[in-house]
Each structure stands twice: as structure tokens, then as C-alpha cells.
A.B. asks: 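This structure is in C-alpha cells; I'll ask about it shortly.
All chains are named by letter (A, B, ...) in the order of the sequence lines, taking the proteins before the strands, and each is independently numbered beginning at 1. Both backbone and side-chain heavy atoms feed into the values below; hydrogens, waters and symmetry mates do not.
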Amino acid sequence: MGLLSDPVRRRALARLVLRLNAPLWALPVAWLERTMRSVGLEVYTQSFSRKLPFPDETHERYMVSGTNVYGILRAPRAASTESLVLTVPCGSDSTNSQAVGLLLALAAHFRGQIYWAKDIIFLVTEHDLLGTEAWLEAYHDVNVTGMQSSPLQGRAGAIQAAVALELSSDVVTSLDVAVEGLNGQLPNLDLLNLFQTFCQKGGLLCTLQGKLQPQDWTSLDGPLQGLQTLLLMVLRQASGRPHGSHGLFLRYRVEALTLRGINSFRQYKYDLVAVGKALEGMFRKLNHLLERLHQSFFLYLLPGLSRFVSIGLYMPAVGFLLLVLGLKALELWMQLHEAGMGLEEPGGAPGPSVPLPPSQGVGLASLVAPLLISQAMGLALYVLPVLGQHVATQHFPVAEAEAVVLTLLAIYAAGLALPHNTHRVVSTQAPDRGWMALKLVALIYLALQLGCIALTNFSLGFLLATSMVPAAALAKPHGPRTLYAALLVLTSPAAMLLGSLFLWRELQEAPLSLAEGWQLFLAALAQGVLEHHTYGALLFPLLSLGLYPCWLLFWNVLFWK
Amino acid sequence: MAAAIPLSLLVLLLLGPGGWCLAEHPRDSLREELVITPLPSGDVAATFQFRTRWDSELQREGVSHYRLFPKALGQLISKYSLRELHLSFTQGFWRTRYWGPPFLQAPSGAELWVWFQDTVTDVDKSWKELSNVLSGIFCASLNFIDSTNTVTPTASFKPLGLANDTDHYFLRYAVLPREVVCTENLTPWKKLLPCSSKAGLSVLLKADRLFHTSYHSQAVHIRPVCRNARCTSISWELRQTLSVVFDAFITGQGKKDWSLFRMFSRTLTEPCPLASESRVYVDITNYNQDNETLEVHPSPTTTYQDVILGTRKTYAIYDLLDSAMINNSRNLNIQLKWKRPPENGYIHYQPAQDRLQPHLLEMLIQLPANSVTKVSIQFERALLKWTEYTPDPNHGFYVRFPVSDGSNYFVRLYTEPLLVNLPTPDFSMPYNVICLTCTVVAVCYGSFYNLLTRTFHIEEPRTGGLAKRLANLIRRARGVPLL
């Protein structure tokens, strides 16, 4: 964004790119087809096109059309019921061409062997993840994201496992493994163990989250480094983005991981033969599998390649955090009950002798307005930015992507004015009981949401719970209001995102300045919305439709009059 | 010794008329053929066909003497009143797109379809028994055929041989897509051949080469055919076929050249002495329009052209018997003629009953040329009963493949079977639970039972020792109570 910070210049460039609509670097489809065929594979192509909801400035693309090329190695005397996939996602430039070369070399070697029991698909996708998404949707004959693609001519049964390969330079000093997939899904731990076994066997240097593996777990440094790796994994998993094209395979219950050859630790250096050997070993092991990988863990956290934290260990932590909400809700329930009794007693001795149940006494009608308004804000946050981008670009000097992000922020900030709006609607006789009932509902709502999130994507649930639970439990219209307000704002979803970005870069030992952080924050917002529309990532709808309205309820409680 | 001579005479007498009859009027014959086809993809397909024909009405006469026709199958025909039997074992999948249409179509796994005579009263019982017997003969898991994977198609799978009426009630069809074919299935199949694998084309059937291929399919077809032109009586035809596809890329190091020895690691030396016809056909049709020419060595004695599966093909013929027999090759010119199906569609659907019978959907549709037709079926993944899971539930469950029959000339295409993963419980958990429960029961129950059923006595410590015993002795003697 540095060069294109001037909106007028950026819009001009975007228009130019749109008019040209010609990719700067295209996949050499014909050459790939020819080469794969000469190696002895069955070669097919698939063309796809997709118009993104708004221009993607990070990857510089808007109207995307491309071609995937894939070759199938048919296993002899097998009925094409099972297959393995080796995929190389190619981006808008030729950065991953080393990996394509390795893929072709492996294909040529694999074709001469007779021991294959599963078909092997060698897949080269254009526009990295978009191509992978198009191919996977066509392979499984579904259409989740509105991708337009030609149907696949060749299939090879149920995909058992997939490995994605990214080599950014010809010098590979270490292999980094990425496991975090779409919406925080993880592959079976056995696949990672398999990779680690072959790394050790071939003497390859393997890293996780770009960090070297701690050798010495007994001293203080080892566990500290492990904690850093663990935190990085939690942050990455919580983001819910597919970190590599393997992430999209996980949706179809295909165990997959991405191997990235990186060039950062100068003292180690391998040629591609070593990487190829490790891949060959992995594929031969996967080829021998009778069943899908299912014996090991699907839910885990990794402080190192050889160590993992099992679900049984980390789940109680979230459980205890959510217990705080439950206990607080119980306390409010008791208070409401007592207040109800106290209210009935002085005036109600001669009147109606039957005391009303507390929930009825509060008057549920008074809660409907704040609930509805906050949900409507959430809906607006979800729908309006993408819908209203053209209106915004016509009236303000901004590009589409910028318009979306700014609309997001505007609606988000407008939500903070909610208490002033709702109080005109709400007219309750007992103000104390009003906010208590609202907080009770909000607490239960939050606990349920966080519980569900923690079950599907633990990292996201845990991060949200640690930040939101204290502020949510404390929020009330009495006491040091400004302090509570500051706390609530600091733990709101957007502030959490900003904080996570700073923490992430800090852990990666590449600290951000404030301005850089802000730019990254804006880019992350745009990416989050885009990923929801292109891959079906759930973080954006979850925050906008679920947690933001819930947070607004607490904001409402804080400013209750 | 004296008894042995009349016995041997008797044997001679019994054999004599048989041998004489054979010389006069050959009641059974064997014809063996091998077709070698270079496929468009560069691979090589070899198709063996052994046809044993027997002019005998197996059902009516009490046949006891078998010569070329295998006795095991002949007895099956008479015992279960079979009209037709088609059994195939296939490992691999015929890639029609790359290899062209197959000579002999078969789905991957095991396929069995049988027409019974209309005299059979309980078809299902005969079917069950037949599949069990076949399972024994061919060392295959055909005994897993039951009502849940048997269907009775109403439109397809017409009888291939002589048939007066086609009441589909007497047809049964079953497939086992998971069946693995190996040498244990090939050996009994080879034993059905009159020359076994000792002479003739069957010398080439070496298991280690045949199972080194990309596709292997072996089949047994029995059907009644007309004995003469007027069709006054019937003969039985046993057709044993075997097709293999050799991967040129692996065996020929990428070259398209091939030789019998390179493929089978054997060469042909002599015909089967029992065979009345023994031939090798090599497809020398020039597919490519460019100047690539084929050269076969040694040059063939004769060539033969015909339209097979819609394309004109040229075959070089090598007759393993003497050259006088070449003239008889005319009777090979068999073409199956099928009537055009009616233009209007026909849909037959028989819904499944859980754990009793599978779905059956038959459609008669006319497909436009050069088009893609997609037939999709929605299904729900359900939890099975815990005893119904296979030992490897995470492998997935096979959905049987669709079959499509062509119209103009006889083509039957099979698609690959589909592997579907059903929701699978974690089966290691019950094991853990059982182990844990057993331990808890053994430890807790055992010790509690011990505590509850045992009676405890307080035993006083012995004190005193020798002095006390002496004192007691004296007291007993005195008649005073003991200490």
C-alpha cells in the first residue's frame, strides 16, 4: 500500500489494470500439458473465472480467470477409487516455478514405479488458492463460493491425502510446514509425524511457524521458544485463513499440509533431491495406507514438531473461562429474583398475592429493542460494506477496496452510539432490573457463542474468551464507568484484531511501527471480507453477526440510564 | 493277475466306442485365440479367448463322461438348471478414453450374472447355492453375494445365447466391487482349460507377468448355442477369456515396440493338441495418418479386415495349426446384431429396502452425439449398526458402479466404483472401555466379593510356648480347664 497510498493514483491504476485485464504472468498451460503427457500422465485442464466482490489490493487482482493443469498417474490394476494429490499453487508471478520443476521430476520418477496402489494427481493451479478452490469444487461437484469453472474430465476417486509444495527460491535451507487450514481446521497429526520422520531420516532442517526447533527442553530457553511457536500457531489458527492451499483440502476431509522451502538459515543448504526424497517417502507411506488417516489427533496445538498439546489438556482452560460467565449470570439471576421479591413486598401486600416470576417481572419486551438494534447493526456490518462500495466510490474519492474497509470501520464506530439510540425506545420502570436482565441475556449469549467457537476453532475461542470475558463480567452502569468503557473498547473484536497483529509481528521478531500496524490492520480487514466471499472463511460473519452485536449489548449495559 | 486282464479289457471296451465316436463325429471342440492390440495410448492389450463347444444336452441326458468340457462346470449346469452363466474377475479399470472401447467389458471386482431355466422353482435358493459353489471353484469371495447386493434388472443383461423367452424373473445379477483378483483365482481358471497351461496359447499365461500389468480381467461365460443351421438342438459353449493391458511406459521403457517374449517372458512353440483352431491375431490397423508404418515380424501368413466396434481394423493372423486349416477361419466372422432400442425412454426404479435389497435404477435414454450426460444421485450418509462396519471402516464403503449398454453394436461400459466415507465411530474407544471396565470389575468386584464372603476369626497370639503346653498337659491330666 506504500506506493499506492494516494487514492486518486490508486484508482487510476486499478482502472488501468481492469481495462487491460491481462495477467502479467500466465501459467504456460500448453507447455505443462505437453511435458506432463511426455512423462506418461493423463493430462487434463480446467478453466475457471471469478469476479471478486471488490479488488484485492494485496494480491492485485479483481476479475480472475485462469487454467489449472493436472495430470493423473493411474495406479496399475487399481479401479481409481482412491488418490493422493501433490499440488503446486502458482501465484501471479513465477515465484513457485521451482516447485513446478520438482513436481514434474517427481511425476517422471513415480511413473516408472509399479508399486502404486492409489492414483496420484499432480496439480498445478493458477492464481494460487483461487485455482485450488475452483479445482476442489469441480472435483467434488459442489459450488460453495460462486466460482465459475469448467467441469473436470478426469477423476481419480476419493482423495486420501494431499501435500502442497511452495518453494520460493532455488536455494532451500529449511522446510517449513504449515498445518492451519480454513476456519482453523487441522490435518491429522499422523501426517505431520510422517513429515517429521522423513525430515529426520533425510537430515533435513524442518521449522514450524518459521522457528527452529528447540533442542534442549530442560533449560528455560526450550520451553520459552516452544511457547512462542505455540502462540504463533494459536494466532494463525484463530485467523481462520487457509495458510497455504492445503487449507482448502481440509474442508473435504482430505488430510493435507503445505511444505514451504525457505531460504533464511544460511548455514544449512539442501538441493532439491533431498526435498524430493522426503516427498517420495511421504507418498509411498501414504500409498500403503489401507484406511484414511484416523488414528491420531485432529485437535491439537504444536509447541514443536515433536511435541503437541492434546485437546484434553487445553480444553479445560476455556471451560473455566466460560464458567466465569456462567457464574456471573447465575449471580445476576439471583439478584433479579431478590429484587423482584423486594419490589413486590412493599406495594404488593394487599394487591396480587401471586408473585410474578422474575423473568416476567422484568418485562421481556424491554429487552427486545436493544437485542434487535444490536443484531441489525451486526447485519449492516456484514452486508453494507460490499453492497455499498459503488455508492461510496461515486461520492468519495476512494477505491473500492478502501471504500469497503472504511465503510466497515464507520458502521463499527456507529455502533458505539447505540446506547443513545436505544434509550429512546426503551422505557422501563425499574432501571436496575432492566440492565441486569440485559446483561444476563448478553452473558448467556456470549457464553454460548464462545463455547461453540472453542469447539470448532479452539484458538479463536480461547483468544476471544481471554479478552472478552473479564470486561463482559465487569460491565455495569455504576462505578468507574470510563475505566470500564476503556476496557470494553480495548477488548472489542476490532481492537483484538489490531492487538493480535502487533503480537504476531512481535513474536515473529519483526515488530511493527504504529503506522505500519494501522496499514496492516486495514489490509487484514479487506482480506477477512474477501476470504469470506472467495473461500467461505467464517471469521468475518462470526465477528459481524455474532460477537459484535453481543459486545454492543455489553456496551449498552455500561451506558444504561 | 487273472482278474486284472478282464478288468483292463473292460476298460478298453468302454473307451473304445468313445474314441471311435470322436473320430467319426467330434462331439466337442476347442478353439483358442489370442488378439494383440496396440492401444492408442501406446500400451498393448492382449486378449485370450478359449472356446469349448460341446454338442450335448446337459440337462436332459444323464451325462457322466466329460472330455474337453470341464466336469465341474458341466455338473453345475445340470444341477442348478442354468441357462447362462457369466462370471468375471477384474483388477483395474479399463480406461476407455485412452484405450478405446474394450473387446470384453467387465467391471472392476467380481461380477456374476446368471439366467436360470424356467423350470427352476426357487430361483433365490439356487442363486445362493450357485454362488457358494462358484466361490469354492474359483477361490473367490462370491459367497458374500446375498439379497443385499443382488438385483434383477428388467431392461439390461439380456441373454447372450439361445433363448426362447426372456422372463427377467430368472435373471440374477450381483457385483462385488472390492474383490481382489490374484493368482489364486487364475490357477483354477487355468485348470478348466483342456491343455491347462502345458501347451498352446495358455503357455503364455504366466502369473507373475499377467499380474504385472495395468489391467487384468478374466471371465467365464457359459451359454447355449445352436448346434446346426436349423437350430434343432442345442450345444453348450464355454468361453474363457482373459484380457491384460501391458504398460508400455514401464515394460518398454517408453517405446511402442513389443514382442511376445517381452510381454509374457515366454514364446509360442506348439499348438494345444486338443484344439481344433489355434490362432494369434495382431491388430496392424494404421491409426495414425502420418508416415508411421507398422512392421510385424515374422510376416503374417494372412491378414484379415473387419469392422469391430465401429472402426475398421486390420489383423495379421498367425495360425498355429497347419496351413490347410486357414480356410476354416471364416467361421470366426461373428458379429452380434442387436435391435435398435425404442426411441421413447424407459425408466425402471426399484427402491432399496434397508439391509434387504439395493436400489435398482434402469434408464433407456438416447444420448446425443458428442455430448456429456451427467446422472447424479443424492444420498445421505447414515450411521450403520455397529456390527455392520467392516474391519477397516475408515477405508470407506463402495458404491456399485453404473453400467451402460450401447445400442448400435454391443457395447457395455462400466464406470469406476465410488468410495464413500460414512460417519464412523471411534472403534478404539469401545476397546478401551472394555479393557477399563474389565480391570475395574476384576479389581473392585474381586476384592469386594472377597471381603463380603470371607469370615474372619480372631486368632489369639500364641504365648508361652513350651511352658504353657506343659502346664496344659498337666491340667488336662488333672481335669481342670485349660489355660
A.B. asks: Indicate whether the side chain of Gln91(B) and that of Tyr215(B) have a donor and an acceptor atom separated by less than 3.5 Å.
C.D. replies: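 No pair is found: no donor N or O on one side chain lies under 3.5 Å from an acceptor on the other.
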A.B. asks: Are a donor atom and an acceptor atom from the side chains of Ser65(A) and Ser49(A) found within less than 3.5 Å of each other?
C.D. replies: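 No, because no side-chain N or O of Ser65(A) sits under 3.5 Å from a partner of the opposite role on Ser49(A).
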A.B. asks: At under 4.5 Å between heavy atoms, what parts of residues 281-290 of chain A are in contact with chain B? List them by residue number.
C.D. replies: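 Within residues 281-290 of chain A, the residues that come under 4.5 Å of chain B (heavy atoms only) are Leu290(A).
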A.B. asks: Between Arg95(B) and Ser214(B), does any side-chain donor sit less than 3.5 Å from a side-chain acceptor?
C.D. replies: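 Short answer, no.
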A.B. asks: Counting only heavy atoms closer than 4.5 Å, note whether Tyr98(B) contacts chain A via side chain, backbone, both or neither.
C.D. replies: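 Just its side chain gets close to chain A.
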A.B. asks: Parallel, tilted or perpendicular: which describes the rings of Phe48(B) and Phe264(B), with under 30° parallel and over 60° perpendicular?
C.D. replies: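 Judged by the thresholds at 30° and 60°, the geometry between Phe48(B) and Phe264(B) is perpendicular.
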A.B. asks: Does anything in residues 39-47 of chain A get under 4.5 Å of chain B by heavy atoms, and if so which residues?
C.D. replies: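 Residues Val39(A), Gly40(A), Glu42(A), Val43(A), Tyr44(A) are the ones that qualify, each having a heavy atom under 4.5 Å from chain B.
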A.B. asks: Where along residues 131-147 of chain A does a heavy atom come under 4.5 Å of chain B, listed by residue number?
C.D. replies: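 Listed by number: Asp141(A).
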A.B. asks: Once you round to the nearest 0.5 Å, how far does CG of Leu538(A) lie from CG of Asn457(A)?
C.D. replies: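 That separation rounds to 9.5 Å.
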A.B. asks: Would you tell me whether Thr213(B) and Arg77(A) have side-chain atoms, one donor and one acceptor, within less than 3.5 Å of each other?
C.D. replies: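 Arg77(A) and Thr213(B) do not have a side-chain donor-acceptor pair below 3.5 Å.
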A.B. asks: Without swapping roles, check the side chain of Gln185(A) against the backbone of Glu180(A) for a donor-acceptor pair under 3.5 Å.
C.D. replies: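 Not confirmed, Gln185(A) side chain does not pair with Glu180(A) backbone.
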A.B. asks: Among Thr424(B), Val245(B), Leu419(B), who wins on heavy-atom pairs under 4.5 Å with chain A?
C.D. replies: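 Winner by heavy-atom pair count: Leu419(B).
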A.B. asks: Do Thr241(B) and Gln49(B) get their side chains close enough for a donor-acceptor pair, meaning under 3.5 Å?
C.D. replies: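 No donor-acceptor contact under 3.5 Å links the two side chains.
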A.B. asks: Say whether Asp119(A) and Ser80(A), considering side chains only, have a donor N or O and an acceptor N or O under 3.5 Å apart.
C.D. replies: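 A donor-acceptor contact under 3.5 Å links the two side chains.
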A.B. asks: Say you draw a straight line from CD of Gln237(A) to CG of Asn183(A); how long is it, rounded to the nearest 0.5 Å?
C.D. replies: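 Answer for the CD-CG pair, Gln237(A) versus Asn183(A), is 10.5 Å.
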A.B. asks: Hey, could you give me each pair passing salt bridge (Lys or Arg N to Asp or Glu O under 4.0 Å) that has a residue in residues 386-395 of chain B? Not counting sequence neighbours.
C.D. replies: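 For residues 386-395 of chain B, and leaving out neighbouring residues, the salt bridge (Lys or Arg N to Asp or Glu O under 4.0 Å) pairs sorted by first residue read Arg178(B)-Asp392(B), Arg355(B)-Glu388(B).
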A.B. asks: Between Gln153(A) and chain B, with a heavy-atom cut-off of 4.5 Å, which part of the residue counts as in contact: side chain, backbone, both or neither?
C.D. replies: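 Gln153(A) touches chain B through backbone and side-chain heavy atoms alike.
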A.B. asks: Contact part of Arg253(A) toward chain B, heavy-atom cut-off under 4.5 Å: side chain, backbone, both or neither?
C.D. replies: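 The side chain, not the backbone.
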A.B. asks: Would you mind checking which part of Ala78(A) comes under 4.5 Å of any heavy atom in chain B, side chain (CB onward), backbone (N, CA, C, O), both or neither?
C.D. replies: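 Contact with chain B: backbone only.
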A.B. asks: Heavy-atom distance under 4.5 Å to chain A: side chain of Val420(B), backbone, both or neither?
C.D. replies: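 Interface part for Val420(B): neither.
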A.B. asks: Check whether any side-chain N or O of Glu126(A) sits under 3.5 Å from a backbone N or O of Thr67(A) as a donor-acceptor pair, and report yes or no.
C.D. replies: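 Pair found, side chain donor or acceptor close to backbone of Thr67(A).
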